[in-house]
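Below is one structure, written out as structure tokens; comments come after it.
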Amino acid sequence: MKLQFEKNVDLLTHNTFAISAIAREFARIDHPEHVQEALEYVRQSKDNHLVLGGGSNILFTQDVDAIVLQNRLFGIELEKEDDMHVYVRVAAGEGWHNFVLHCIRNKWAGVENLSLIPGCVGASPMQNIGAYGVEMSSVLNYVEAVNIHTSEKHTFSLSDCELGYRESIFKRKEKGNWFITHVGFKLNKRPVFHIEYGAIADELDKMEIDTLSIKHISQAVIAIRSSKLPDPKVLGNAGSFFKNPTVDLSVLRAIQTHDEKIPFYPVDENTVKIPAGYMIEHVGWKGKRVGNCGVHEKQALVLVNYGGATGHEIFTLSTAVMTDVKNKYGIELEREVNVW
Ligand code: FAD
Ligand code: NAP
């Protein structure tokens with residue numbers, strides 16, 4: 001069937017912040033042939049475009065004067081396996097958490113710490129999604145994408161993707177150039193457990209387990225996340241609004257002269273990561289509400305829409321938080337969420 005483009009579509013239900021923003025044109029890509037058709041249409045109309053997955057990492061601060069292509073390509077395919085690994089090719093529209101559950105059912109290890117992250121598989125390389133000491137870079141094999149300007153297909157190897165802490169080539173120098181169609185993963189048949197994050201070890205203790213498995217880790221992560229993070233179905237949010245800054249040791253030492261309890265995690269011998277949530281809390285923003293939006297009461301990294309907030313209001317709130325952190329700690333927070 002020919003691809004349908006709808007005009008003036010409200011994206012309210014297509015972003016987890018639950019922000020109303022009108023897309024000039026909107027198409028749901030649920031068949032591989034639609035990708036080329038959609039890109040041809042974008043090129044002919046010479047308009048802006050936005051590729052959208054689950055909308056869980058985006059803030060609309062204005063209407064979307066562009067053609068929005070929503071990725072709804074599904075499918076998980078086992079490519080090959082050997083004694084140690086399975087190689088899996090996943091269509092970009094698959095729900096990330098569905099994929100994690102599929103891996104756990106099949107005893108394929110590597111993504112269990114990344115349980116319950118919202119959004120689609122196709123967006124996972126965009127910011128190299130990470131949680132509880134694991135990043136998707138540890139299981140990424142390749143990314144298949146189509147160039148939006150030329151329709152050329154390309155496979156990016158792991159190193160081509162230039163993945164870093166919540167970063168990739170797709171967020172930087174190749175921003176807006178590619179429609180990711182599939183992601184290839186290399187998963188482990190013999191699990192290596194990552195339980196060094198304090199909360200996971202505590203949760204596993206409560207579960208009184210005999211023999212640890214990836215299923216237990218997934219269950220522990222799901223329990224912690226459900227108790228701490230606001231459910232976007234109930235309270236609009238996009239997860240962590242800011243990145244945790246990585247700073248030089250000298251910056252840490254300067255902060256310790258006025259805040260000796262500041263937490264930090266070594267990254268290498270010269271740099272440390274400081275939890276942005278701690279600094280936001282200690283400048284007084286945790287749980288604060290401004291109009292229809294605010295800083296979540298349990299997790300200060302998360303900005304929330306109490307209902308009816310505009311993206312502009314949330315963006316303004318984020319600027320106020322960043323200013324106060326800069327004034328007290330001298331650190332410039334960086335937004336993790338993609339702002340349109
Ligand atoms: P979208 O928000 O739809 O898009 C994000 C960006 O990717 C946009 O720039 C978009 O243009 C681009 N994009 C999406 N799909 C494609 C594609 N197929 N091709 C090209 N470009 C594309 N993130 C973490 O890293 N760790 C967490 O633990 C985590 N927890 C979260 C918890 C909550 C409650 C929420 C709401 C969010 C959380 N996030 C977390 C953020 C978010 O879920 C992830 O970044 C997720 O990968 C975004 O997926 P999405 O499909 O919703 O992307
Ligand atoms: P938390 O456990 O309260 O810890 C606060 C921050 O300190 C984390 O963000 C984490 O940084 C860092 N941290 C904690 N223990 C660490 C350790 N042992 N080694 C290195 N760094 C450590 O965090 P939380 O808010 O409940 O989130 C738990 C995990 O889920 C984190 O990894 C977080 O990134 C992830 N998460 C991400 C999002 C998002 O939207 N990006 C949303 C919710 C949760 P890191 O963030 O660098 O891991």
Side-chain angles (χ1 to χ4, degrees), residues 11-21 23 50-64 66 68 70-71 96 114 116-120 122-131 135-136 163-172 175-176 180 225 228-246 273 275-277 279-281 285-286 288-296 298-326 331-340:
L11 299 175
L12 182 80
T13 58
H14 298 300
N15 71 99
T16 59
F17 252 130
I19 301 288
S20 174
L50 169 67
V51 182
L52 196 61
S56 65
N57 202 14
I58 197 155
L59 175 68
F60 295 118
T61 60
Q62 55 187 319
D63 284 339
V64 182
V68 176
Q70 188 185 46
N71 190 321
W96 175 265
L114 304 177
L116 216 60
I117 298 181
C120 299
S124 63
M126 295 295 298
Q127 68 158 18
N128 180 23
I129 58 169
E135 293 179 334
M136 66 90 68
L163 301 181
Y165 171 63
R166 307 286 190 269
E167 276 305 338
S168 73
I169 195 170
F170 306 108
K171 261 186 108 171
R172 296 282 169 194
K175 190 177 160 99
I180 295 171
R225 295 183 71 106
K228 257 181 108 166
L229 287 168
D231 178 352
K233 289 196 196 89
V234 181
L235 196 57
N237 75 90
S240 303
F241 197 90
F242 305 102
K243 290 184 186 179
N244 291 310
T246 298
K273 184 174 64 186
M279 294 187 281
I280 296 169
E281 181 175 352
W285 274 108
K286 192 175 183 180
K288 232 184 191 178
R289 178 172 176 159
V290 183
N292 291 325
C293 58
V295 177
H296 192 242
K298 290 190 190 157
Q299 174 44 286
L301 261 190
V302 179
L303 303 189
V304 295
N305 174 5
Y306 286 105
T310 62
H312 183 68
E313 266 179 282
I314 294 173
F315 187 82
T316 305
L317 169 67
S318 72
T319 306
V321 169
M322 289 164 79
T323 304
D324 287 352
V325 168
K326 171 86 177 156
I331 291 180
E332 195 102 42
L333 289 184
E334 196 185 330
R335 294 180 183 90
E336 177 178 309
V337 167
N338 299 280
V339 177
W340 179 274

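Side-chain atoms are counted along with the backbone in the values below, which use heavy atoms only and exclude waters and symmetry mates. Keep in mind that this is a model prediction, so the values were computed, not measured.
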Any heavy-atom pair between the side chains of [Y] and [X] that's under 4.5 Å?
X      : Y      : result
Val325 : Trp285 : no
Lys171 : Asn338 : yes
Ile280 : Leu333 : yes
Asn57  : Ile129 : no
Val321 : Phe241 : no
Met136 : Pro125 : yes
Cys120 : Asn71  : no

With sequence neighbours excluded, residues passing ring pair (Phe, Tyr, Trp, His ring centres under 6.0 Å) with His296: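 In terms of ring pair (Phe, Tyr, Trp, His ring centres under 6.0 Å), with neighbours along the sequence ignored, His296 is linked to no residue.
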Contacts of type ring pair (Phe, Tyr, Trp, His ring centres under 6.0 Å), residue Phe170, not counting sequence neighbours: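 Listed in chain order: Phe156.
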What is the distance from atom [atom1] of [X] to atom [atom2] of [Y], rounded to the nearest 0.5 Å?
X      : Y      : atom1 : atom2 : value
Asn237 : Leu301 : CG    : CG    : 11.5 Å
Glu313 : Thr61  : CD    : OG1   : 12.5 Å
Met322 : Thr319 : CE    : OG1   : 6.5 Å
Asn292 : Leu317 : CG    : CG    : 11.5 Å
Asn128 : Ile169 : CG    : CD1   : 13.5 Å
Leu11  : Leu50  : CG    : CG    : 8.0 Å

[X] and [Y]: which non-hydrogen atoms are nearest, and at how many Å?
X      : Y      : value
Phe17  : Ile58  : CD1-O, 3.7 Å
Met126 : Ile180 : SD-CD1, 4.1 Å
Ala18  : Leu12  : O-CD1, 3.3 Å
Ile314 : Cys293 : CG1-CB, 3.8 Å
Trp340 : Asp63  : NE1-O, 3.7 Å
Leu59  : Phe315 : CD2-N, 4.0 Å

Under 3.5 Å: donor-acceptor pair, side chain of Arg166, backbone of Gly130: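 Yes, Arg166 side chain to Gly130 backbone: donor-acceptor pair under 3.5 Å.
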Side chain to side chain contact (heavy atoms under 4.5 Å, CB included) assessment of Ile19 paired with Thr310: CA-CA 6 Å; Ile19 301 288; Thr310 62; 5.7 Å; no
Once salt bridge (Lys or Arg N to Asp or Glu O under 4.0 Å) is applied, do any residues pair with [X], and if so which ones, sequence neighbours excluded?
X      : value
Glu281 : Lys286
Arg225 : none
Glu135 : none
Lys273 : none

Verdict with reasoning, Val337 to Leu303, per side chain to side chain contact (heavy atoms under 4.5 Å, CB included): CA-CA 10 Å; Val337 167; Leu303 303 189; over 6 Å; no
Stepwise side chain to side chain contact (heavy atoms under 4.5 Å, CB included) check, Met279 with Asn244: CA-CA 10 Å; Met279 294 187 281; Asn244 291 310; over 6 Å; no
Carboxylate-amine/guanidinium contact Lys243 Glu336, below 4.0 Å: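 Salt bridge between Lys243 and Glu336, a charged N being under 4.0 Å from a carboxylate O: no.
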